[in-house]
Amino acid sequence: MALTANRKPGASLAGTNMVRAGDYNQRVILQAIRAGGPVTRSELAGATGLTHQSVINITRRLMEDGIVQDEGAIIGGRGQPAARLAVNPDGAYALGLNIDREHVTLMLMDLSGKVRHRAYIPKRFALPEDVLAFVETQLDSVLGRRLISRKRLVGLGVAMPERMDCVEASARPDTYSEWSSLDIVETFTERLHMPVSVRNDVTAAVLGELQFGQGFQFKSFVYTLISAGIGTGLVVNGQPYEGGLRQTGEIGKYPIAQDSGGSGTLWDVLSVFAFQEMLGRRGIAPDRDLDESDPQVSAAVDAWVERAAGYMVAPYLALTYTLSPERHFIGGQLPPFVIERLCQALNARFAAYASSFPLGPFCAATTAVDAAALGAAVLAFQERLLPTPDVLMK
């Protein structure tokens, strides 16, 4: 699977000519090459606002480090042919790990955005030791097959829900509470012998959609991640919004009045667990590959979608009226055809409100099931090589 960053070098990439700002400028130059390469040094200077000499010095260092390579010169113009620079895909690699309550996904990404290796296990309530053993096994396989050079591996990004163990569901082991007392960064760094960074899974999914999906086209959008839990990631003016208390996006806690007359939360009707429990009640094995053409499956999905969409109207109208997003993306661990039907149902319901207020449509996220893992790999690159979103939007 090959994925490329969709942002072209331009006014959004701003460098600085201040003395000793080398690392900042190097990150900006590398992102400009990664996003728009092959590019010439003159194009880089114009895109970043750096002097031509600064660009020459930075690109020379990047080439000496094997991060950037010469793609050949432009022939036919006036004067000396201009060299075109591009990232060296083998110049650096990052691991992206998405840990959730019903699956674990690991991805190995090269600097060009190509996924070199993907491993997925549909495991409910994986314990820390389960996850560490899984990563070690996959890493040993990758290195054993010489898919990458270990010295080029910059680190591991981890995307996981906040308060991992705070969920009540069947088959949840008592030992799952280990997650609440575990220092993820310290434990994983010591065990895996590499730098580790951790982010909320929804924040990582937003970054994945920004880098590799449709998100780059829009200044403002909402990303809903449906997995064992539910979260909403927000992008405002091109930047992920994390909230003043760092607890943004907990849409799953939105209170609802259920059909039975009792109270609950959106999580009770919209999560993957809720979807699987509904299938089980209808005699459909929730762990099998669902056949969209099966009338029994199709009818069950339609019933679940209509119910879920009905409960989503109020909170998502509030988000729409408050933020006026250009798009609502939905991704996560639901089957793709279920997400498509959910988006269609929501668009049909929202059409009744469109005459008085412009409404961004709901659509399936491009990055879908792998958004959080892709974003986690980008986080690892940001720790060592690439600029953060706030830098990109200056």
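In what follows, residues are counted from 1 in the order of the sequence shown.
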Is any side-chain heavy atom of [X] closer than 4.5 Å to a side-chain heavy atom of [Y]?
X    : Y    : value
R307 : V269 : yes
L225 : I230 : no
L139 : L95  : yes
L279 : R282 : no
I330 : C343 : yes
T224 : Y316 : yes
L111 : N88  : no

Under a 4.5 Å side-chain heavy-atom rule over Ile, Leu, Val, Met, Phe, Trp and Tyr, are [X] and [Y] clustered together?
X    : Y    : result
Y176 : L97  : yes
I99  : V196 : yes
V206 : V369 : no
I56  : V28  : no

Starting at [atom1] of [X], measure out to [atom2] of [Y] and round the result to the nearest 0.5 Å.
X    : Y    : atom1 : atom2 : answer
N57  : Q53  : CG    : CD    : 4.5 Å
H117 : L147 : NE2   : CG    : 7.5 Å
Q214 : L210 : CD    : CG    : 11.5 Å
D90  : I148 : CG    : CD1   : 9.5 Å
L359 : L317 : CG    : CG    : 7.0 Å
L44  : I29  : CG    : CD1   : 5.0 Å

Just to verify, what does R60 make a salt bridge (Lys or Arg N to Asp or Glu O under 4.0 Å) with, not counting sequence neighbours?
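By the salt bridge (Lys or Arg N to Asp or Glu O under 4.0 Å) rule, R60 matches no residue at all.
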
Residue list, salt bridge (Lys or Arg N to Asp or Glu O under 4.0 Å) with D110, at least two apart or on another chain
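Per chain and number, D110 pairs via salt bridge (Lys or Arg N to Asp or Glu O under 4.0 Å) with R116.
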
Which heavy-atom pair separates Q276 from R124 by the least distance, and what is that distance?
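That would be OE1-NH2, 3.0 Å.
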
Mind listing the closest non-hydrogen atom pair of R191 and L132 along with its distance?
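Closest heavy-atom pair between R191 and L132: NH1-CD1, 3.6 Å.
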
Please determine if D23 and R27 form a salt bridge, counting it only when a charged side-chain N lies under 4.0 Å from a carboxylate O.
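A salt bridge links D23 with R27.
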
Considering residues at least two apart in sequence or located in another chain, which fulfil the ring-ring contact (aromatic ring centres under 6.0 Å, His included) criterion with Y120?
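If we apply the ring-ring contact (aromatic ring centres under 6.0 Å, His included) test to Y120, skipping adjacent residues, the hits are H103.
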
F337: which residues meet the ring-ring contact (aromatic ring centres under 6.0 Å, His included) condition with it, sequence neighbours left out?
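Not a single residue meets the ring-ring contact (aromatic ring centres under 6.0 Å, His included) criterion with F337.
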
Could you walk me through whether T51 and S54 satisfy the side chain to side chain donor-acceptor pair (under 3.5 Å) test, starting with their C-alpha distance in whole Å, then the side-chain angles of each, then the deciding distance to 0.1 Å, before giving a yes or no?
CA-CA 5 Å; T51 66; S54 294; 2.8 Å; yes

Any salt bridge (Lys or Arg N to Asp or Glu O under 4.0 Å) involving residues 193-205? Give me the pairs, sequence neighbours left out, ordered by first then second residue.
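Listed once each, the pairs are R199-E383.
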
Listed once per pair and sorted, the salt bridge (Lys or Arg N to Asp or Glu O under 4.0 Å) pairs that draw on residues 320-344, sequence neighbours left out:
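Applying salt bridge (Lys or Arg N to Asp or Glu O under 4.0 Å) to every pair that reaches into residues 320-344, excluding sequence neighbours, yields E292-R341, D302-R341.
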
Looking at D291 and S293, would you say the former's side chain and the latter's main chain have a donor-acceptor pair under 3.5 Å?
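Checked: pair present.
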
Is there a donor-acceptor contact under 3.5 Å from the side chain of E209 to the main chain of Y223?
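Here the side-chain-to-backbone pair does not exist.
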
S112 and R34: side-chain donor and acceptor closer than 3.5 Å?
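No, because no side-chain N or O of S112 sits under 3.5 Å from a partner of the opposite role on R34.
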
For Q138 and E136, test the side chains for any donor-to-acceptor distance below 3.5 angstrom and give the result as yes or no.
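Not at all, the side chains of Q138 and E136 share no donor-acceptor pair under 3.5 Å.
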
Partner of H328 under ring-ring contact (aromatic ring centres under 6.0 Å, His included), chosen from F218, F221, F362
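The residue from F218, F221, F362 that satisfies ring-ring contact (aromatic ring centres under 6.0 Å, His included) with H328 turns out to be F362.
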
